[in-house]
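Numbering starts at 1 and runs along the sequence shown. Computed from heavy atoms alone, side chains included, the values below leave out hydrogens, waters and symmetry copies.
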Amino acid sequence: MSATLTRDLSVTQTRALKLPGVARTFEPLARQARDAHWPHEEYLHEVLSAEQASRHESVIRHRLREARFPEVKPLETFDFAAAEGVNATQIHTLARGEWITTPENLILAGPIGTGKTHLALALGLEATKQKRRVLFVRAADLVRQLIEARDARELGRLQRRLLTLDLLIVDELGFVPFDRTGGELLFNLISDRYERRATAVTTNLAFAEWVTVFAGDEKLTTALLDRLAHHATVITTKGKSYRMRRRRGQG
Ligand code: ADP
Ligand code: MG
């Protein structure tokens, strides 16, 4: 067989077998192998390693897309010195993701602009790097999606899909109050995830104020908080808005 024919057949085979890592590397690695007189086994090993790395990357890329982060905020961009109430060691421990495996919950509470969403995004990003299934969603959007799914008789499907997530990040609980139905749908979701899947919530409210979001329903709010906070790390951010402080610092 001519070298060109072998090459073309190999390219076709990598497509048929879905081996993009092999497709990209088999020729440059073959040149390297010839130049450095690698044994055949070593060449095979290098090609397979390239395929493995390529698959690893592709799962992570997929997880990142699925997570629907509005912005990518890596943990390295978080300034711990400027964050009151946030312990760097604790955050770096959370970044390892063991709490997601357990699973436990995470509540980030504090005033506006104190880095709650930034931390949630950063921890979510770390989780996708560990190939975990993550979804980031604003509380108001999540409740709207639940109500729409219920109206379309697709609630069961959405609930099952949400339950496959290793980590659900609910951002900005408390910005928009829910009506009774919305509150109940969110409650059901939190109950379903209880002790099965990890949930993270960011909120500007103190626990005592949560009832205002759930149409004044004390019983529902207590039951929800009970499940959410039972196995949970609670981080309370404090102080002035980071952006405002920066502006002042510059001006
Ligand atoms: P919150 O969700 O608590 O209202 P955000 O996380 O949205 O606040 O923070 C507001 C803005 O300030 C964002 O752009 C965020 O990246 C930035 N920010 C807040 N705290 C920090 C911090 N400690 N280090 C770096 N950026 C921060
Ligand atoms: Mg926020």
Side-chain angles (χ1 to χ4, degrees), residues 18 20-21 49-78 80 83 86-109 115-143 145-146 149 155-173 185-203 224 227-235 237:
K18 297 200 171 65
S49 300
E51 181 59 36
Q52 244 177 346
S54 150
R55 286 189 193 193
H56 180 81
E57 291 301 315
S58 120
V59 172
I60 290 174
R61 265 201 312 278
H62 188 65
R63 292 281 181 271
L64 186 61
R65 266 201 307 277
E66 280 179 335
R68 308 221 197 117
F69 298 128
E71 279 176 277
V72 172
K73 295 236 168 173
L75 199 50
E76 302 80 62
T77 64
F78 191 80
F80 285 96
V86 180
N87 176 311
T89 312
Q90 185 182 29
I91 299 297
H92 283 111
T93 305
L94 289 169
R96 290 208 303 266
E98 282 128 17
W99 65 285
I100 302 172
T101 309
T102 309
E104 288 175 358
N105 295 330
L106 173 66
I107 299 171
L108 291 156
K116 303 182 297 295
T117 300
H118 191 137
L119 284 172
L121 286 168
L123 293 173
L125 184 64
E126 289 302 314
T128 60
K129 288 188 202 159
Q130 296 151 7
K131 300 193 189 177
R132 299 179 200 269
R133 289 176 195 277
V134 180
L135 178 69
F136 181 99
V137 65
R138 284 200 193 87
D141 293 335
L142 176 62
V143 166
Q145 284 166 27
L146 287 166
L155 183 58
R157 207 166 67 177
L158 177 60
Q159 283 168 332
R160 279 192 298 281
R161 197 160 59 79
L162 290 171
L163 209 52
T164 64
L165 300 167
D166 299 307
L167 173 61
L168 174 67
I169 304 173
V170 183
D171 193 36
E172 296 187 351
L173 187 93
L185 287 167
L186 189 61
F187 171 78
N188 289 341
L189 177 64
I190 300 293
S191 297
D192 283 350
R193 297 183 70 78
Y194 178 65
E195 294 189 334
R196 291 167 75 185
R197 300 287 189 187
T199 307
V201 172
T202 84
T203 180
L224 181 133
R227 283 165 180 73
L228 199 62
H230 184 199
H231 311 283
T233 302
V234 180
I235 294 172
T237 59

[X] versus [Y]: any side-chain heavy-atom pair under 4.5 Å?
| X | Y | value |
| --- | --- | --- |
| Glu195 | His230 | yes |
| Thr101 | Asp166 | no |
| Leu146 | Leu155 | yes |
| Arg61 | Ser58 | yes |
| Leu121 | Val72 | no |
| Leu142 | Leu189 | yes |
| Val137 | Asp171 | no |
| Phe80 | Asn87 | no |

Taking it one step at a time, do Thr202 and Leu119 satisfy side-chain contact (heavy atoms from CB on, under 4.5 Å)?
CA-CA 9 Å; Thr202 84; Leu119 284 172; over 6 Å; no
Ignoring hydrogens and angles, tell me if any N or O in the side chain of [X] forms a donor-acceptor pair with the backbone of [Y] under 3.5 Å.
| X | Y | result |
| --- | --- | --- |
| Arg197 | Leu163 | yes |
| Arg193 | Leu162 | yes |
| Ser191 | Phe187 | yes |
| Gln130 | Ala95 | yes |
| Trp99 | Leu94 | yes |
| Asn105 | Thr199 | yes |

[atom2] on [Y] to [atom1] on [X], rounded to 0.5 Å:
| X | Y | atom1 | atom2 | value |
| --- | --- | --- | --- | --- |
| Leu123 | Ile169 | CG | CD1 | 7.5 Å |
| Leu167 | Glu126 | CG | CD | 12.0 Å |
| Leu186 | Leu224 | CG | CG | 6.0 Å |
| Leu173 | Lys116 | CG | NZ | 11.5 Å |

Testing the basics here: between [X] and [Y], what is the closest heavy-atom pair and its distance to 0.1 Å?
| X | Y | answer |
| --- | --- | --- |
| Ile107 | Ala232 | CD1-CB, 4.4 Å |
| Ala127 | Ile100 | CB-CD1, 3.7 Å |
| Glu66 | Leu135 | O-CD1, 3.7 Å |
| Leu125 | Pro74 | CD2-CA, 3.8 Å |
| Tyr194 | His231 | OH-NE2, 4.2 Å |
| Lys129 | Ile60 | O-CD1, 3.5 Å |

Arg133 and Thr128 side chains, donor-acceptor separation under 3.5 Å:
no
Looking only at side-chain N and O atoms, does His56 offer a donor or acceptor that is under 3.5 Å from a partner on Gln52?
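No donor-acceptor contact under 3.5 Å links the two side chains.
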Take Gln90 and Thr233, measure what side-chain contact (heavy atoms from CB on, under 4.5 Å) needs, and give me the verdict at the end.
CA-CA 10 Å; Gln90 185 182 29; Thr233 302; 3.2 Å; yes
Pair Phe78 and His92, ring centroids less than 6.0 Å apart:
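No, ring centres 6.0 Å or more apart.
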May I have the step-by-step check of side-chain contact (heavy atoms from CB on, under 4.5 Å) for Arg96 and Thr93, ending in yes or no?
CA-CA 5 Å; Arg96 290 208 303 266; Thr93 305; 3.9 Å; yes
Short N-O contact, Arg55 and Glu51, less than 4.0 angstrom
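Looking at Arg55 and Glu51, the cut-off is met.
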For the pair Ile91 and Val86, evaluate side-chain contact (heavy atoms from CB on, under 4.5 Å) and give the outcome as yes or no after the intermediate values.
CA-CA 8 Å; Ile91 299 297; Val86 180; 3.6 Å; yes
Counting neighbours of CZ on Arg132 that are heavy atoms of other residues, nucleotides or ligands and sit closer than 6.0 Å, is the number greater than 12?
yes
